[in-house]
**Q** 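Structure incoming, see below.
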There are 2 protein chains.
Amino acid sequence: MTFAEPSPTSCAGPAPRDCKHGRGNDCDDCKVRRFSVCGALEPAELEELDRLSQVRNFPARTMLFDQDAPADNVFNLTDGMVRLCKSLPDGRRQIVGFALPGDFLGLALMERYGVAAEAVTQVRVCRFARPAFLAYVDGKPHLLRRLHEFAGHELSLAQDQMLLLGRKTAEEKVAAFLLNLQTRYARVGAASVTIPLPMSRQDIADYLGLTIETVSRTLTKFAREKVIVIVPDGVRLLMIGRLDQSDAARSAVPF
Amino acid sequence: MTFAEPSPTSCAGPAPRDCKHGRGNDCDDCKVRRFSVCGALEPAELEELDRLSQVRNFPARTMLFDQDAPADNVFNLTDGMVRLCKSLPDGRRQIVGFALPGDFLGLALMERYGVAAEAVTQVRVCRFARPAFLAYVDGKPHLLRRLHEFAGHELSLAQDQMLLLGRKTAEEKVAAFLLNLQTRYARVGAASVTIPLPMSRQDIADYLGLTIETVSRTLTKFAREKVIVIVPDGVRLLMIGRLDQSDAARSAVPF
DNA sequence: AATATCCATTGACCTGGATCAATAATCGGC
DNA sequence: GCCGATTATTGATCCAGGTCAATGGATATT
């Protein structure tokens with residue numbers, strides 16, 4: 001844990017300008033946008049969600065929860081990056097997603113977590129006890145609706161990833177990965193042609209269904225072709241159109 | 001279609017014993033279990049859901065809705081099998097799931113369908129107009145909750161499939177496919193060691209991220225090993241344990 | 001500064017599954 | 001029942017990406 005952790009503090013809503021929660025918290029936490037849920041909440045609801053949540057910090061490379069563990073909590077990521085992993089008993093691993101600020105973890109609301117969540121960087125989350133979260137959320141139709149939309153979006157992303165894993169080439173996979181990450185960073189408000197890649201090559205490989213060597217070779221190839229520049233802890237996109245070509249099918253268009 | 005089809009008829013709930021919908025419908029439809037939603041509905045709610053839904057039939061190999069089309073309807077499959085496909089412009093295709101009776105289609109509730117839904121067999125569905133469905137469902141917390149759980153379950157299945165697509169061998173993929181199908185048929189009440197495979201080899205290949213030839217060879221191999229018997233339109237499982245071995249990782253367990 | 005550890009890159013080679021190419025079943029349509 | 005069309009099986013060959021191995025570069029430890 002690098003920075004001081006204020007005792008349980010608010011993370012329920014978009015920052016009220018002059019936020020005082022009456023519990024001695026400053027409100028840096030509130031500056032993080034939580035588009036998924038907190039868009040349309042009433043002040044009273046914010047107060048209540050507030051009471052349900054605790055801020056937690058996790059150092060890089062620690063586990064927020066393990067695959068198949070009882071799903072006691074729901075998390076909203078406010079800072080950092082989390083990887084969601086499924087593993088086979090022999091160690092083969094598939095990363096099913098990288099969570100960025102605003103994303104929910106454990107929202108499937110099943111008995112047990114289907115994936116493990118591991119901090120890629122330092123991570124800050126809002127943690128909700130599941131029963132309290134459920135009890136609160138029940139009877140808030142627009143909130144339920146919001147959560148459902150979030151789940152639907154997740155499902156849609158998962159289906160895109162299935163298409164990628166099942167039918168795309170190594171080059172298309174890496175290109176799609178970079179372009180998606182860029183889009184997501186932009187949505188989090190960190191738009192830039194330089195994409196931070198805090199995760200390891202092994203993580204990228206396990207996300208794309210490739211090996212570390214193939215990821216490395218493909219990135220090198222893109223760099224040779226002047227489509228990207230590899231920088232410390234990231235990549236600078238030079239010719240997005242060119243990357244898109246790798247991503248999209250270069251259709252054969254007969255006759 | 002095996003049994004007579006009455007004109008537009010109810011499909012909103014688990015069969016009330018002496019079902020009369022007041023619209024001249026007999027209730028064979030209601031015998032189909034819809035565990036996902038209809039488990040805990042009030043009679044009044046059933047009536048209303050009833051009014052919102054229409055029964056539709058689709059012949060085999062027809063499309064219920066197309067990828068990227070406006071998501072005007074929500075469907076509940078009551079009979080038959082539907083494949084959910086995503087395609088790349090050059091024709092590469094990934095089947096992201098096969099729907100069986102009880103499953104919902106278009107529940108992500110987004111503007112447009114992310115996948116195409118195509119009837120594998122003759123299909124019967126309950127169709128809901130999306131706005132009506134949403135309006136009805138809003139303010140029914142337990143129903144929303146149910147739908148959310150369904151979406152969560154879908155997501156979990158999608159993640160399992162990602163692990164399969166990204167990290168399993170052809171043999172493991174085919175074995176997992178057969179075992180999953182068996183489990184699902186059992187849940188639909190059609191338990192048997194003989195698994196119907198109404199979909200084509202190409203469908204199976206596109207579901208597992210393989211080619212038709214590899215699917216065929218792998219099934220032949222299992223048959224040679226006396227783990228399955230290939231029968232017309234299906235497969236009979238002989239040694240489920242053996243299949244499970246192919247499916248699960250045969251862990252190397254060092255020292 | 002030297003050493004150990006870990007991770008990424010690069011090269012050489014191999015292989016599981018793809019591709020290409022015949023058959024062989026199966027299914028409609030008469 | 002016969003014929004053409006579609007789909008499945010089987011075999012021969014190929015190659016994208018995996019495996020194995022060496023090297024380089026970065027970070028941490030003493």
Side-chain angles (χ1 to χ4, degrees), chain A residues 2 59-61 83 88 90-94 120-121 164-177 196-225 228-235 246 249-250 252, chain B residues 59-61 83 88 90-95 118 120-122 164-177 196-225 228-235 246 249-250 252:
Chain A
T2 352
R61 333 211 134 239
R83 60 172 180 245
L88 255 15
D90 67 353
R92 281 175 292 174
R93 185 179 73 151
Q94 180 67 36
V120 171
T121 62
L164 177 145
L165 289 169
R167 289 298 180 221
K168 290 189 180 175
T169 65
E171 238 174 271
E172 290 173 321
K173 286 176 175 182
V174 174
F177 170 70
L197 296 176
M199 72 291 280
S200 69
R201 294 291 188 264
Q202 186 64 64
D203 286 343
I204 299 176
D206 286 344
Y207 181 59
L208 299 176
L210 298 172
T211 59
I212 197 177
E213 293 93 335
T214 300
V215 170
S216 189
R217 276 189 253 271
T218 305
L219 286 173
T220 304
K221 177 158 186 267
F222 286 159
R224 253 201 323 270
E225 292 169 352
I228 63 172
V229 177
I230 299 173
V231 299
D233 295 314
V235 145
S246 305
R250 349 65 200 312
Chain B
R61 338 212 127 235
R83 60 173 181 243
L88 254 15
D90 67 353
R92 281 176 291 175
R93 186 179 72 151
Q94 179 68 37
I95 292 182
E118 298 165 2
V120 171
T121 62
Q122 264 266 359
L164 178 145
L165 289 168
R167 288 299 180 220
K168 289 189 180 176
T169 65
E171 239 175 271
E172 290 173 320
K173 286 176 175 182
V174 174
F177 170 69
L197 296 176
M199 72 291 280
S200 69
R201 293 292 188 266
Q202 185 64 64
D203 286 344
I204 300 175
D206 286 343
Y207 182 58
L208 299 176
L210 297 172
T211 59
I212 196 177
E213 293 95 333
T214 300
V215 170
S216 189
R217 276 188 254 271
T218 306
L219 287 174
T220 305
K221 176 159 186 266
F222 286 159
R224 254 201 322 270
E225 292 168 352
I228 63 171
V229 177
I230 299 173
V231 299
D233 296 314
V235 146
S246 306
R250 353 58 202 319

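Just so we're on the same page: letters track the sequence lines, and every chain starts at 1.
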**Q** What heavy-atom pair brings B/Thr211 and B/Ala205 nearest, and what distance separates the two atoms?
**A**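 For B/Thr211 versus B/Ala205, the nearest heavy atoms are C-CB, 3.5 Å.
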**Q** Indicate for each nucleotide in nucleotides 4-20 of chain D, in 5' to 3' sequence, whether protein heavy atoms under 4.0 Å reach the base (B), only the sugar-phosphate (S), or nothing (-).
**A** ---SSBBBB----SSBB
**Q** Would you say the side chain of A/Leu88 lies within less than 4.5 Å of the side chain of A/Gln94, judging by non-hydrogen atoms?
**A** no
**Q** Could you go through B/Lys173 and B/Thr214, starting from their C-alpha distance and side-chain angles, then the distance that decides it, and tell me whether this counts as side chain to side chain contact (heavy atoms under 4.5 Å, CB included)?
**A** CA-CA 11 Å; B/Lys173 286 176 175 182; B/Thr214 300; over 6 Å; no
**Q** So do the side chains of A/Met199 and A/Arg83 get within less than 4.5 Å of each other, counting heavy atoms only?
**A**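 Counting from C-beta outward, A/Met199 and A/Arg83 never come under 4.5 Å.
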**Q** Is the shortest side-chain heavy-atom distance between A/Gln202 and A/Arg93 below 4.5 Å?
**A** yes
**Q** Taking the side chain as C-beta and beyond, is there a heavy-atom pair between B/Leu210 and B/Thr218 under 4.5 Å?
**A** no
**Q** Report the end-to-end axis angle of the helix from C/dA1-D/dT30 to C/dC30-D/dG1; each axis comes from five terminal pairs, and the value is rounded to 10°.
**A**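 End-to-end axis angle: 50°.
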**Q** Check every nucleotide of DNA chain C for an atom under 4.0 Å from a heavy-atom of chain A, then give the first and the last such nucleotide from 5' to 3'.
**A** C/dA8 to C/dA12
**Q** State, with a plain yes or no, whether a side-chain heavy atom of B/Tyr207 is found less than 4.5 Å away from one of B/Val215.
**A** no
**Q** Does the A/Arg167 side chain pair with the main chain of B/Arg92, one donor and one acceptor, at a distance under 3.5 Å?
**A**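 Flag not set: sc A/Arg167 to bb B/Arg92 has no pair under 3.5 Å.
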**Q** Looking only at atom types and distance, does a side-chain atom of B/Arg61 sit under 3.5 Å from a main-chain N or O of B/Gln122, one as donor and one as acceptor?
**A** no
**Q** Kindly say whether A/Ile212 contributes a backbone atom to a donor-acceptor pair with the side chain of A/Arg217 at under 3.5 angstrom?
**A**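 Side chain of A/Arg217 to backbone of A/Ile212, a donor-acceptor pair under 3.5 Å: no, none is there.
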